[in-house]
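The structure appears below as structure tokens.
Keep in mind that this is a model prediction, so the values were computed, not measured.
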Amino acid sequence: MAAKKTKNVVKRSIMSTLFLPYTALFIAVILAFTVHTVISETGKIKVNAFSSLQNNSAMIMGSFDSVIHDLDTVSQNIIYSNLIKEKFGIYINYQDDALSSNEIYENINNTKILFDLIIAMIGPNSPADQTYLYSLDYGKFGVGLDNATSKERVTEKDWCSQVVQANGKKFIYCDKDDTLGRFYSYSGDNYFVSLCRMYYSPLNIPQGIVEVKKSFKSIATTVNTFNSPYKEDVYIFSPEGKTIYTTGSLSTPDNYYDLIQMRQNSPSKTSGTDPIYLKSENKYIIFSTSDYTGFTTALVIDNRMLMQPVHQYLNTALILLFTVMLITIMVSYLISRRIATPLYKIYHQVRAFQLTGDDKDTTEFEDMEIGITEVNTLYQAFLKMQRQARKSMERELQLQNSDMQSKMLALQAQMNPHFLYNSLATIQAMADENMNREIILMCQTISRILRYISSDGEQMVLLTDELDHTRDYLECMKVRYCDSLQFEFDIPEKMHQVRLPKLCLQLIVENAIKYSTKSSPPWNVKILGIMTSTYWELQIKDNGPGFSSEDLDKLKNQIDLIEKNGVLPNLEIDGMGLMNIYIRFKILYRGNHIFRLSNNVPHGAIVVIGGGIIS
């Protein structure tokens, strides 16, 4: 028969065992963490950049909306001023060339009032640079940069039909206005944004059009206030896709607007405001569209400018990675050396450790102080384990002895001689009354009770058997007390297979009847069962005088003492019925038990027993 081959095991010192694998592990963890952090942070940097640009786009759009809102406010103030419409109607009527001297004077006075009214509507903050009132037939009245009046027909304006189709809603357009541009210093200041509305008579008949204008110079000033490090180009598009403002060099950025429209109208899951990447140009488009005006602000940024902060972060991260790796190797070596020395000492102590039942064969650890807190705690735990091992063994023996005592004493404690005496006395009284049928039932019930008490079975019995025994006991008591004693069982069917210590329920019921009969009848005893997926409990209620505060405190103190010390007292036959039940539940359910005592309202006592669901 061939000899078994011994597997060669490479033995290494604890120093190398700690240093090499843990150094490699630390480096791998640091490297993985660094890679994860770099990937995560670079993504965050890019997301933050997009978020910042998106905010800039929204702020530019918000500034533009603010300008439009101010123009809209001025236009509505004028439209809803009946006095302005009245004065403008008088002004139109005086546009006839042949006027008398009196009519000329009235026209001049009316024109002055109309001018002052419109100036008042514009206000001191000058939200509008120019305001025009147009008659639908002919005639124009200007207030602002251009205060000229003329017989110009509004129908000759390119935007007139669109304003009429708007039916009183605002219409916005942007274009050059050389007439107003001459009031500014630079040639590029002749771009204006205009808001037009049609106004009506009280009978809802169109009367004319109000046009309010603002120079694009204020919007350009807002754009220039953003000190962005990405040097993005700014474009503002009208709802029709026309470029009304740009800081970029692209002369025809209409394709940007088409891409934005495609993104917004796309049925895909992509958000309608996500950045658009132009692969051919290596650029991103970040945009924001106003729900108020329909205009769109687009920021176009070169991807290389966007990645500059990312590249700077990567360079810094690599330098930190190599520095941390070098420090990790040094620290790992020192830690391994620090741990290895005390572990050698513990190793020799553990090898000599033995635990036997005899004091002479039991070795004990030597007291030894170790400089490392965790290792010292481990060593102290070994010392504590050795000292408590014997105590645990002794406690286990004590629990076993208590368990055996409970088996013997439980039978003796339940055999109440007063119960037998009273039952025989009851049978004698019924015999005197020739109650033969009741005597037979009484004897059968007592027979079942004695058979159940004297049966030599397991300590844990089914609840259905315990209920039958308790019901027999109550029937005997009802024969004695007649209608003065009432009892009720409310137990779910699923609880009948629960196991509990034998004779506990009948003892509690007997105790309830014993104290209830000290008060006036009727005496009621109710047994209520509750069961969940994790525990079950029985509530035994009576309407007697209840527990005194002294009894409750005494029982509570005894239970608290047992829970604190873990030492169970010996079972007693007399005077400790409820405590005996508590001890049996604690032993047989191994601490996963329920035992509560309280008083019922308005009077009576409640005893609750139960435990976790076990086989």
Side-chain angles (χ1 to χ4, degrees), residues 399-423 442 444-478 480 485 487-489 491 495-516 525-529 536-542 555 559 568-590 592-597 605-611 614:
L399 291 177
Q400 292 178 359
N401 292 333
S402 297
D403 186 38
M404 295 300 296
Q405 288 182 7
S406 66
K407 290 180 179 180
M408 301 301 297
L409 296 179
L411 300 177
Q412 302 175 25
Q414 311 311 315
M415 181 58 71
N416 192 328
H418 295 287
F419 166 70
L420 293 177
Y421 172 79
N422 293 331
S423 297
M442 185 73 170
Q444 290 175 345
T445 302
I446 295 175
S447 176
R448 286 195 300 270
I449 292 175
L450 295 176
R451 186 182 302 112
Y452 183 78
I453 290 175
S454 61
S455 63
D456 186 14
E458 298 180 359
Q459 285 227 78
M460 300 286 281
V461 297
L462 294 177
L463 177 60
T464 183
D465 297 334
E466 189 73 3
L467 290 174
D468 291 341
H469 169 67
T470 304
R471 189 177 284 106
D472 286 339
Y473 172 78
L474 286 169
E475 290 293 345
C476 290
M477 292 294 101
K478 190 167 179 63
R480 177 183 176 187
L485 175 63
F487 60 88
E488 178 185 356
F489 288 78
I491 309 296
M495 280 187 64
H496 286 188
Q497 299 304 311
V498 167
R499 290 186 174 271
L500 74 164
K502 185 178 179 181
L503 300 174
C504 285
L505 181 58
Q506 184 260 325
L507 258 180
I508 297 174
V509 170
E510 181 180 352
N511 196 65
I513 295 175
K514 175 182 176 181
Y515 287 98
S516 294
V525 177
K526 181 177 181 181
I527 302 175
L528 173 66
W536 66 270
E537 69 177 39
L538 290 174
Q539 299 180 4
I540 300 92
K541 303 179 181 180
D542 63 65
L555 290 170
I559 293 174
L568 294 174
N570 294 327
L571 296 177
E572 299 180 14
I573 297 177
D574 297 322
M576 290 286 288
L578 291 177
M579 283 303 300
N580 286 346
I581 295 173
Y582 163 76
I583 294 170
R584 294 182 66 198
F585 265 88
K586 183 172 179 62
I587 292 174
L588 296 176
Y589 270 84
R590 298 179 182 178
N592 189 21
H593 62 282
I594 298 173
F595 188 86
R596 298 194 301 270
L597 304 174
I606 302 177
V607 179
V608 181
I609 58 174
I614 61 174

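For Q539, the side chain to side chain donor-acceptor pair (under 3.5 Å) criterion is met by E537, not counting sequence neighbours. Residues that satisfy the side-chain contact (heavy atoms from CB on, under 4.5 Å) test with K514, not counting sequence neighbours, are absent from this structure. With sequence neighbours excluded, the residues satisfying side chain to side chain donor-acceptor pair (under 3.5 Å) with S447 are R451.
Under the 30°/60° scheme for interplanar angles, the aromatic rings of F585 and W536 are found to be tilted.
One finds the CD atom of E488 at 10.0 Å from the NZ atom of K541 (value rounded to the nearest 0.5 Å). The structure places CG of N511 at 7.5 Å from CD1 of I581, a figure rounded to the nearest 0.5 Å. Considering CD1 of I609 and OH of Y589, their distance stands at 9.0 Å, rounded to 0.5 Å. To the nearest 0.5 Å, atoms CD1 (I606) and CG (L528) are separated by 10.0 Å. Interatomic distance, CG of L463 versus CD1 of I491, reported as 6.0 Å (0.5 Å rounding). A distance of 8.0 Å separates CG of L500 from CG of L467, quoted to the nearest 0.5 Å.
Here the shortest heavy-atom pairing between C476 and I449 reads SG-CD1, 3.9 Å.
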Let's go through V461 and Y452 carefully: what are the C-alpha distance in whole Å and the side-chain angles of both, what is the deciding distance for side-chain contact (heavy atoms from CB on, under 4.5 Å) to 0.1 Å, and is it a yes or a no? CA-CA 11 Å; V461 297; Y452 183 78; 3.5 Å; yes
Determine, step by step, whether M579 and I559 satisfy the side-chain contact (heavy atoms from CB on, under 4.5 Å) criterion, reporting the C-alpha distance in whole Å, the side-chain angles of both residues, the deciding distance to 0.1 Å, and the verdict. CA-CA 8 Å; M579 283 303 300; I559 293 174; 4.1 Å; yes
Run the side-chain contact (heavy atoms from CB on, under 4.5 Å) test on I508 and T470 for me, step by step, so that the C-alpha distance in whole Å, both residues' side-chain angles and the decisive distance to 0.1 Å come before the verdict. CA-CA 10 Å; I508 297 174; T470 304; over 6 Å; no
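The salt bridge (Lys or Arg N to Asp or Glu O under 4.0 Å) contacts involving residues 461-472 comprise R448-D472, D468-R471, where partners must be two or more places apart or lie in separate chains.
Between the side chain of K586 and the main chain of H593, no donor-acceptor pair closer than 3.5 Å is present. A donor-acceptor pair is defined here as one N or O able to donate and one able to accept, closer than 3.5 Å; such a pair exists between the side chain of R499 and the backbone of M460. A side-chain donor-acceptor contact under 3.5 Å links R584 to the backbone of K502.
No side-chain heavy atom of L485 sits under 4.5 Å from any side-chain heavy atom of R480.
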